[in-house]
Protein chains: 2
Amino acid sequence: MGRYAIKTMDKLLEDFIKTHRIKEKDLIEELNDKAYISEFKKGEFLIKNNNYIKVLKIVLGGKVRVYQENQDREILIYHLKPMETCTLSLSACFEDCKSNVNAIAEEDGMVLNIPVRFVEQWSFKYESWHRFTINTFRESYSYLIENYSKLAFQPLKDRLLDYIIEKSNHNILNRSHAQLAKELGTTREVISRLLKKLEADKIVTLGQKSIKVL
Amino acid sequence: MGRYAIKTMDKLLEDFIKTHRIKEKDLIEELNDKAYISEFKKGEFLIKNNNYIKVLKIVLGGKVRVYQENQDREILIYHLKPMETCTLSLSACFEDCKSNVNAIAEEDGMVLNIPVRFVEQWSFKYESWHRFTINTFRESYSYLIENYSKLAFQPLKDRLLDYIIEKSNHNILNRSHAQLAKELGTTREVISRLLKKLEADKIVTLGQKSIKVL
DNA sequence: ATAAACCTGTGACAAAAGATACAAGTTGAT
DNA sequence: ATCAACTTGTATCTTTTGTCACAGGTTTAT
């Protein structure tokens with residue numbers, strides 16, 4: 001991973017500090033001192049299943065998919081977008097542990113890396129870091145429970161439609177059927193079939209790598 | 001909910017303090033002061049969907065099922081056994097919020113109640129409470145991810161067998177097919193059918209409300 | 001311009017899970 | 001002892017999801 005120009009890096013770190021309402025001067029100094037920003041390219045792995053996690057990853061730009069794999073199937077755990085923190089690497093900060101997920105870049109971007117040993121200390125030392133930590137857990141946990149119960153109760157057709165709506169911009173989602181299959185934990189043919197049904201029901205229109213919700 | 005004899009209550013609170021290695025004298029005093037123990041009977045609801053959560057619930061004895069419901073189906077989120085904390089009520093401590101789950105007693109028992117406003121304060125004020133908080137989130141999150149991916153990838157037959165093994169004592173599980181169906185998010189007939197298959201495969205033997213893993 | 005890689009559609013079939021309906025055994029309270 | 005409530009078994013049918021196989025369109029890099 002390369003490094004960005006100092007100027008860009010400073011700007012990004014500032015954004016992060018502002019987003020999470022970090023006030024403590026000492027903490028800001030420690031962040032400047034101990035964290036570092038690195039860039040990643042589309043397709044690059046940020047975390048690999050079974051590897052030890054050594055740094056907390058906070059995405060500053062780009063988009064990262066965090067998922068579990070099982071043979072040739074996958075299921076999305078969450079997407080990381082700018083200013084979002086990988087909850088699993090945060091969790092690892094409190095006890096050295098191996099990753100049981102993969103994180104792959106879907107777009108080029110940048111990530112703030114904080115070595116795990118600091119993250120735990122800070123969470124008791126600095127109130128804003130404490131709040132950040134707890135909020136990250138809370139939000140991730142509730143997001144996961146929501147998806148857990150969708151997975152248990154909703155037929156795939158409904159989950160697919162919900163997902164398209166959640167991820168779309170201005171009602172349009174540019175994604176291939178194969179990508180959707182990976183995110184939803186199924187196979188490409190099934191997604192193609194369901195999308196055709198949704199199109200027949202006049203709920204969406206389909207194009208190459210593009211789905212429009214009506 | 002009734003109250004236990006002072007003697008029993010003291011003993012239980014002591015157990016809790018020991019289990020979570022709480023050392024701070026001030027915190028122990030606050031616990032004695034602000035927390036209270038109540039008992040519950042089998043079948044009683046500790047938390048109801050859509051109600052505001054006002055106290056952190058820590059089970060001291062008995063067994064509690066926390067689940068989500070959807071029409072006539074349910075899915076288990078987790079079971080609480082002695083000394084375990086309801087992660088969802090913990091989460092609610094950091095921002096007043098409604099429950100989106102139910103918690104029902106499967107056996108008579110007791111619960112330590114701590115009003116939410118203290119829980120947040122303590123997590124930054126006392127190191128052992130901070131550790132307790134973080135650990136609760138970490139463990140619950142990782143347990144949930146594990147089950148999420150089982151739900152996504154494993155056929156019900158395998159999930160059922162795994163579940164029976166996880167919950168059994170000395171290879172025996174005393175539970176009706178209907179109860180298992182609720183915990184696994186399916187219907188009774190499906191469980192009966194799968195259990196018969198497992199019996200035919202000589203993996204379990206079946207009796208009235210009793211499944212023995214071979 | 002052309003090949004390779006990617007993307008979409010679809011038919012046919014298999015397996016898994018859900019729904020409905022009914023029968024019969026077991027347990028527990030009175 | 002008897003009835004109600006609970007528990008288990010099972011046959012049939014439908015729906016949903018997964019698998020395999022193949023055809024043809026689109027995009028991208030060289």
Side-chain angles (χ1 to χ4, degrees), chain A residues 41-43 69-76 104 106-108 149-164 172-201 203-212, chain B residues 42-43 69-76 104 106-107 149-164 172-201 203-212:
Chain A
K41 293 285 174 201
K42 182 176 172 175
E69 58 184 348
N70 181 282
Q71 285 154 214
D72 52 341
R73 301 259 284 282
E74 293 182 3
I75 183 116
L76 180 71
I104 192 170
E106 292 194 339
E107 296 170 4
D108 296 356
S149 106
K150 280 187 186 172
L151 189 54
F153 297 129
Q154 294 195 349
L156 189 49
K157 192 180 176 185
D158 298 356
R159 278 204 300 137
L160 173 59
L161 182 57
D162 276 11
Y163 189 76
I164 291 170
I172 296 192
L173 182 67
N174 292 352
R175 212 165 294 204
S176 74
H177 300 182
Q179 281 173 294
L180 284 170
K182 293 206 159 190
E183 286 156 9
L184 293 171
T186 182
T187 57
R188 200 269 311 165
E189 295 90 329
V190 173
I191 296 291
S192 293
R193 184 201 292 149
L194 292 175
L195 282 174
K196 269 292 152 194
K197 278 189 201 158
L198 288 172
E199 193 181 39
D201 296 346
I203 297 171
V204 302
T205 51
L206 304 176
Q208 275 287 115
K209 278 187 99 164
S210 123
I211 300 163
K212 184 173 184 181
Chain B
K42 181 175 171 174
E69 59 185 347
N70 182 281
Q71 285 154 213
D72 52 340
R73 299 260 285 282
E74 292 183 3
I75 182 111
L76 180 70
I104 192 170
E106 293 195 339
E107 297 169 5
S149 109
K150 279 187 186 173
L151 190 55
F153 298 130
Q154 294 195 349
L156 189 49
K157 193 180 175 186
D158 298 354
R159 277 204 301 137
L160 173 59
L161 183 56
D162 277 10
Y163 189 77
I164 291 169
I172 296 190
L173 182 67
N174 293 333
R175 210 165 297 203
S176 74
H177 299 184
Q179 281 173 294
L180 282 170
K182 291 205 161 190
E183 285 155 11
L184 293 171
T186 180
T187 58
R188 201 268 310 164
E189 295 88 333
V190 173
I191 295 290
S192 293
R193 184 202 291 152
L194 292 175
L195 282 174
K196 270 293 154 193
K197 277 188 202 160
L198 288 173
E199 193 181 38
D201 296 345
I203 297 171
V204 302
T205 52
L206 303 176
Q208 275 286 117
K209 276 187 103 162
S210 122
I211 300 163
K212 183 173 184 182

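Lettering of chains follows the sequences in order, A, B, ..., and the numbering in each one begins at 1.
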Inset, instruction - Tell me, please, which residues at least two apart from A/R73 pass side-chain contact (heavy atoms from CB on, under 4.5 Å). - result: A/T187, B/F153
Inset, instruction - Could you encode protein contacts along nucleotides 24-30 of chain D as a string, one character per nucleotide from 5' to 3', using B for base contact, S for sugar-phosphate-only contact and - for no contact, with a heavy-atom cut-off of under 4.0 Å? - result: --S----
Legend entry - Between D/dT10 (P) and B/L206 (CG): distance, integer Å: 10 Å
Please tabulate, one pair per line, each protein N/O and nucleotide N/O from nucleotides 12-19 of chain D that are separated by under 3.5 Å, including the distance.
unit_1: D/dT17; atom_1: OP1; unit_2: A/L156; atom_2: N; d: 2.6
unit_1: D/dG18; atom_1: OP1; unit_2: A/R73; atom_2: NH2; d: 3.0
unit_1: D/dG18; atom_1: OP2; unit_2: A/T186; atom_2: OG1; d: 2.4
unit_1: D/dG18; atom_1: N7; unit_2: A/R193; atom_2: NH2; d: 3.3
unit_1: D/dG18; atom_1: O6; unit_2: A/R193; atom_2: NH2; d: 2.8
unit_1: D/dT19; atom_1: O4; unit_2: A/R193; atom_2: NH2; d: 3.3

Inset, instruction - Starting at CG of A/L206, measure out to CG of A/L198 and round the result to the nearest 0.5 Å. - result: 8.0 Å
Legend entry - Residues forming a side-chain hydrogen bond (donor to acceptor under 3.5 Å, both in side chains) with B/N70, sequence neighbours excluded: none
Legend entry - Boundaries of the DNA chain C segment in contact with chain B, non-hydrogen, under 4.0 Å: C/dA17 to C/dT26
Inset, instruction - Using salt bridge (Lys or Arg N to Asp or Glu O under 4.0 Å) as the criterion, list what pairs up with B/R159, not counting sequence neighbours. - result: none
Legend entry - Min side-chain heavy-atom separation B/L160-B/T186 under 4.5 Å: no
Legend entry - Rounded to 10 degrees, the angle between the two terminal axes of the helix from C/dA1-D/dT30 to C/dT30-D/dA1, each from five pairs: 40°
Legend entry - With sequence neighbours excluded, residues passing side-chain contact (heavy atoms from CB on, under 4.5 Å) with B/D158: B/Q154, B/P155
Legend entry - Non-hydrogen atoms of B/L161 and B/V204 that approach each other most closely: CD1-CG1, 4.3 Å
Legend entry - By side-chain hydrogen bond (donor to acceptor under 3.5 Å, both in side chains) - contacts of A/E189 (at least two apart): none
Inset, instruction - Answer yes or no: does atom NZ of B/K42 have more than 12 heavy-atom neighbours from other residues, nucleotides or ligands under 6.0 Å? - result: no
Legend entry - side-chain contact (heavy atoms from CB on, under 4.5 Å) involving A/I172 - partner list, sequence neighbours excluded: A/N174, A/K212
Legend entry - Pair listing, side chain to side chain donor-acceptor pair (under 3.5 Å) test, anchored in residues 191-200 of chain B, at least two apart: B/H177-B/S192, B/R188-B/S192, B/K196-B/E199
Inset, instruction - Could you state the atom-to-atom distance from NZ of B/K209 to P of D/dG9 in whole Å? - result: 14 Å
Legend entry - Atom-to-atom span, CZ of A/R188 to P of D/dC22 - whole angstrom: 15 Å
Legend entry - Shortest non-hydrogen separation from A/I191 to A/L184 and the atoms involved: CD1-CD1, 4.1 Å
Legend entry - side-chain contact (heavy atoms from CB on, under 4.5 Å) partners of B/I104, counting only residues at least two apart: B/F45, B/R65, B/Y67
